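Remember, predicted model here, so these are calculated numbers, not experimental data. The chain is numbered in sequence order, starting from 1.
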Amino acid sequence: MDHSSSPHQKGKRLSKDDRITIQVMHSMGCSNRAIARELICSPSTIVYDQKRHRIPLYWQCETIKSYQGTNEVKRNTKARRARANKRILGRSIDERSLRIDTHKDFEHWECDLVLGYKSKDDDVLLTLCEQKTRRFFMIKIEDKTSASIMKAFYKLREFDGSKWNRIFKSITTDNGFEFADLSNLEQVSKTLVYYAHPYTSCNKGSVERHNGLIRRYIPKGDLMDKYSVEDIAKIEVWCNSLPRKILNYKTPEECFDVELDHIYRRR
C-alpha cells in the first residue's frame, strides 16, 4: 500500500488517515510490524492505538471488539481543563527569593505528606526537610485534613516559640487543599509560606527525596497505624544519620546542629 507519510513524531497521536490505514491493512491480515513500517512508527504505537479505538460490535448474539479507525475516542477534557486551570492557593513559589532556590541559606523548609493505606481512618506522616542541611522531621498526625496539619504546626511552634521565626523563615509545600490553611502561619509568625506549581513535585525535591527513603521502611499500601511513634523516630534517626555527598559526607544531623549553634549564640 502506498502511504506517503513522514516519520511518526514520538508522543503524538496518530492522525485519522493513519488509523484508516491501520484498519485497512489489519483487515488484509497484515501484521503490526508491517503496518508500523508503512506508517514509519514503532509497532507498540500500532498496538496502543488498536486498544484505544476498539469498539464493541454485536454479531450472532456475541460481543466482539473490533478496531475502528474512524472512531474518535472521547477524552476527559473536563479533567484536563481542571488541571490546567488549577490556581495557586496562596503565595506562589515564583515570589520566592533566588537565594532560597540555591539551598545555601539556612532556615528554609519543604513540607509534604506521606500516606500509608488510602483510608480515612489511617494515620498520616507530615514530613519536613530543611533545604541546606537536609535535616528531616516526621510528625505522625491523625488524618489528611488541613485542621490536623495546622494543629501539628502550632504544637511545633509552641515547643520553641522564641526561636521559631529564626529557624523557620519559609516553608514551601505543594498545592493540595490539605495545605490550604498553612498560609495562616504568616498571621502569627514571620514565616513565609510558598506554594509549588500544581503537579510539579520538583519544586520541593529535597523532601520528596526523603519521602522516598521512608518507603524503604514503610512501603505503599501499608497501614501507617502499624508503626508506633518509636518506629517513626527510628526511621527519622536513620535518615538524619546518613552521610551525604552534598554535605561533604557529613550527616544532616551534624550540619543542622552547627547551624543551630550559630542561631543560639546570637542575641
Worksheet item: Passes side-chain hydrogen bond (donor to acceptor under 3.5 Å, both in side chains), Thr127 versus Asp112? Steps please.
Response: CA-CA 5 Å; Thr127 57; Asp112 201 8; 5.2 Å; no
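- A salt bridge links Glu95 with Arg91: the closest approach of a Lys/Arg side-chain nitrogen to an acidic carboxylate oxygen falls below 4.0 angstrom.
- You'll find the side chain of Phe153 stays beyond 4.5 Å of the side chain of Ile139, heavy atoms only.
- Using a 4.5 Å heavy-atom cutoff, the side chains of Leu113 and Lys144 are in contact.
- Cluster annotation: Ile232 is connected to Leu213 through the hydrophobic network of ILVMFWY side chains, with a link wherever side-chain heavy atoms come within less than 4.5 Å.
- Within the 4.5 Å cutoff, side-chain heavy atoms of Ile100 are placed close to those of Ser170.
- You'll find the side chain of Asn203 stays beyond 4.5 Å of the side chain of Glu110, heavy atoms only.
- Between Ser241 and Thr251, the closest heavy-atom pair is O-CG2, 3.5 Å.
- Ion pairing of Asp105 with Lys132 is absent here, as no side-chain N (NZ or NE/NH1/NH2) approaches a carboxylate O to less than 4.0 Å.
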Practice prompt. Could you walk me through whether Ser228 and Asp231 pass side-chain hydrogen bond (donor to acceptor under 3.5 Å, both in side chains), step by step?
Written response: CA-CA 5 Å; Ser228 65; Asp231 295 331; 3.1 Å; yes
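- Ring centers of Phe256 and Phe106: under 6.0 Å apart, within the cut-off.
- Cluster annotation: Ile218 is connected to Leu242 through the hydrophobic network of ILVMFWY side chains, with a link wherever side-chain heavy atoms come within less than 4.5 Å.
- A donor-acceptor pair under 3.5 Å is formed between the side chain of Thr21 and the backbone N or O of Asp17.
- Residues Asp122 and Met224 share a closest heavy-atom pair of OD2-N, 3.0 Å.
- Salt bridge annotation for Arg166-Glu107: absent, with no cationic side-chain nitrogen under 4.0 angstrom from a carboxylate oxygen.
- In this structure, Lys140 contributes its side chain and Tyr227 its backbone to a donor-acceptor pair below 3.5 Å.
- The aromatic rings of Phe137 and Trp109 are tilted relative to each other, their planes meeting at an angle between 30° and 60°.
- For Arg135 and Glu130, the salt-bridge test fails: no basic side-chain N is under 4.0 Å from an acidic carboxylate O.
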